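Treat the numbers as computed from the prediction; the structure is a model and nothing was measured.
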Amino acid sequence: MLKFTTAGESHGRALVAIVEGLPAGLPVDPELIDSELRRRQLGYGRGGRMKIERDHAEILTGVRHGLTLGSPLTLQIENKDWPNWTDVMAAEVRELAPEKSRRLTRPRPGHADLAGGLKYDVRDLRNILERASARETTARVACGALAKQLLAVFGVEIRSHVIQLGGIPDQPLELTWNQIKNIPDDAPLHCADDEAQQRMIALIDETRHKGDTLGGIFEVVARGVVPGLGSHTSWDLKLDGLLAQAVMSIPAVKAVAIGAGAEASSLPGSEVHDEIAYNAETREFIRETNRAGGLEGGITNGEEIRVRGHLKPLSTLRRALRSVDIDTKEEEAAAFERSDVTAVPAAGVIGESMVALVLAGAMREKFGGDSIGEMKRNFEGYREQLRGY
């Protein structure tokens with residue numbers, strides 16, 4: 001089974017991740033990991049933190065001479081901002097003057113500050129903020145880069161793009177794989193519609209001036225996934241449920257759609273379900289439409305997997321919302337920490353990582369193998385089974 005865990009605080013010394021379940025002998029390219037980390041930092045509307053961090057993942061364990069060992073793989077990503085926070089975030093006891101403690105008592109609406117403070121009974125909400133911060137997703141992206149390298153061995157590609165931001169365009173974009181693939185790497189919001197993208201940029205500038213934030217929708221598409229991953233046999237094995245949970249876990253995501261999503265609930269079945277045909281040349285079942293988003297009954301059906309994440313506007317506003325000081329119980333403006341105006345393109349990169357980790361986990365569950373060679377043999381045997389069906 002493939003699993004991962006992350007640790008670390010936003011302004012702590014470093015972020016750490018441990019990935020278990022990768023087969024032995026998988027080639028690992030550290031530059032591909034760093035490339036994914038750089039992609040996460042891009043996007044028009046990002047804040048000052050992106051100018052500080054130059055994320056690099058150091059592999060501490062689990063790889064020798066460029067190949068996985070089959071043992072836990074550990075990654076560490078240094079926080080470049082740490083020197084400015086060594087006393088505030090020290091593990092050892094520190095006696096700090098109140099003005100230097102960076103204690104947080106004014107929770108931000110929409111953030112985990114107050115709910116976490118109540119749950120963990122802490123009077124300094126920085127204890128919650130530091131781990132709830134989206135900075136944690138840096139470690140997830142590094143783990144996702146490893147999952148992508150495993151999936152690539154089996155012909156799976158994953159991409160994301162912004163299909164709506166701040167209500168622009170009126171209807172989310174519907175694009176083919178090739179249209180998504182052809183989005184330039186330097187597209188400021190990684191949106192295929194340049195006219196819509198320019199309108200988004202203008203809205204971001206206007207919103208920044210107002211001290212506000214914006215949300216939007218990103219789509220993740222996985223191509224080349226074989227049918228048969230996941231299962232219909234138990235609720236917790238359904239792959240659509242696992243994908244929805246993974247994408248919903250991304251900070252600020254408030255809704256997840258697979259395929260036609262919410263749209264499907266208002267249409268007749270004849271306009272929702274994908275009719276089945278057979279391609280005798282390739283010996284595979286095909287569908288001319290993909291409203292199911294590549295999943296039926298919790299199982300992949302061989303079509304592209306399409307997952308959308310709906311991102312709310314970020315919770316930290318420069319023009320702070322009303323809040324209450326947890327000590328005095330008096331009304332005050334919410335605290336302000338460095339923040340972005342929007343982070344929808346970055347959320348798409350994080351979404352790719354989460355989808356990759358779920359799919360890689362499903363591949364490991366189905367095809368097993370202690371080594372990449374054994375896993376590939378099992379995979380090819382299954383492909384033969386499919387061709388003979």
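- Looking at Met375 and Met363, their side chains come closer than 4.5 Å, going by heavy atoms from C-beta outward.
- No more than 12 heavy atoms of other residues, nucleotides or ligands shown are found within 6.0 angstrom of CG on Asp370.
- For Arg387, the CZ atom is densely surrounded, since the number of other residues' heavy atoms within 6.0 Å is greater than 12.
- In this structure, Val156 is a member of the same hydrophobic cluster as Val141, with clusters built from ILVMFWY side-chain heavy atoms closer than 4.5 Å.
- With hydrogens and angles left out, the side-chain atoms of Glu130 and His11 include a donor and acceptor closer than 3.5 Å.
- Heavy-atom neighbours of Arg13 CZ from other residues, nucleotides or ligands within 6.0 Å: at or below the threshold of 12.
- Using modelled atom types, no side-chain atom of Asn301 and backbone atom of Phe285 make a donor-acceptor pair closer than 3.5 Å.
- Within a 6.0 Å radius of CZ in Arg64, other residues, nucleotides and ligands contribute 12 heavy atoms or fewer.
- Other residues, nucleotides and ligands contribute more than 12 heavy atoms inside 6.0 Å of the CD atom of Glu99.
- In Asp327, the CG atom is crowded: over 12 heavy atoms of neighbouring residues, nucleotides or ligands sit closer than 6.0 Å.
- If you take CD1 on Ile326 and CD on Glu332, they are separated by 11.5 Å, rounding to the nearest 0.5 Å.
- The side-chain heavy atoms of Arg123 and Arg103, taken from C-beta on, include a pair separated by under 4.5 Å.
- Judged purely by distance below 3.5 Å, without hydrogens or angles, the side chains of Arg40 and Ser353 never pair a donor atom with an acceptor atom.
- Remark: Asp170 CG is loosely packed, at most 12 non-hydrogen atoms of other residues, nucleotides or ligands lying under 6.0 Å away.
- Side-chain contact annotation: Asp212 with Thr207, donor-acceptor N/O pair under 3.5 Å absent.
- Residue-environment remark: CD (Glu31) exceeds the threshold of 12 foreign heavy atoms within 6.0 Å.
- Salt-bridge check for Glu337 with Arg126: passed, with a basic side-chain N closer than 4.0 Å to an acidic carboxylate O.
- Taking the side chain as every heavy atom from C-beta outward, Phe367 and Phe154 never approach each other to under 4.5 Å.
- Taking CD1 from Ile163 and CZ from Arg306, the interatomic distance works out to 9.5 Å, rounded to the nearest 0.5 Å.
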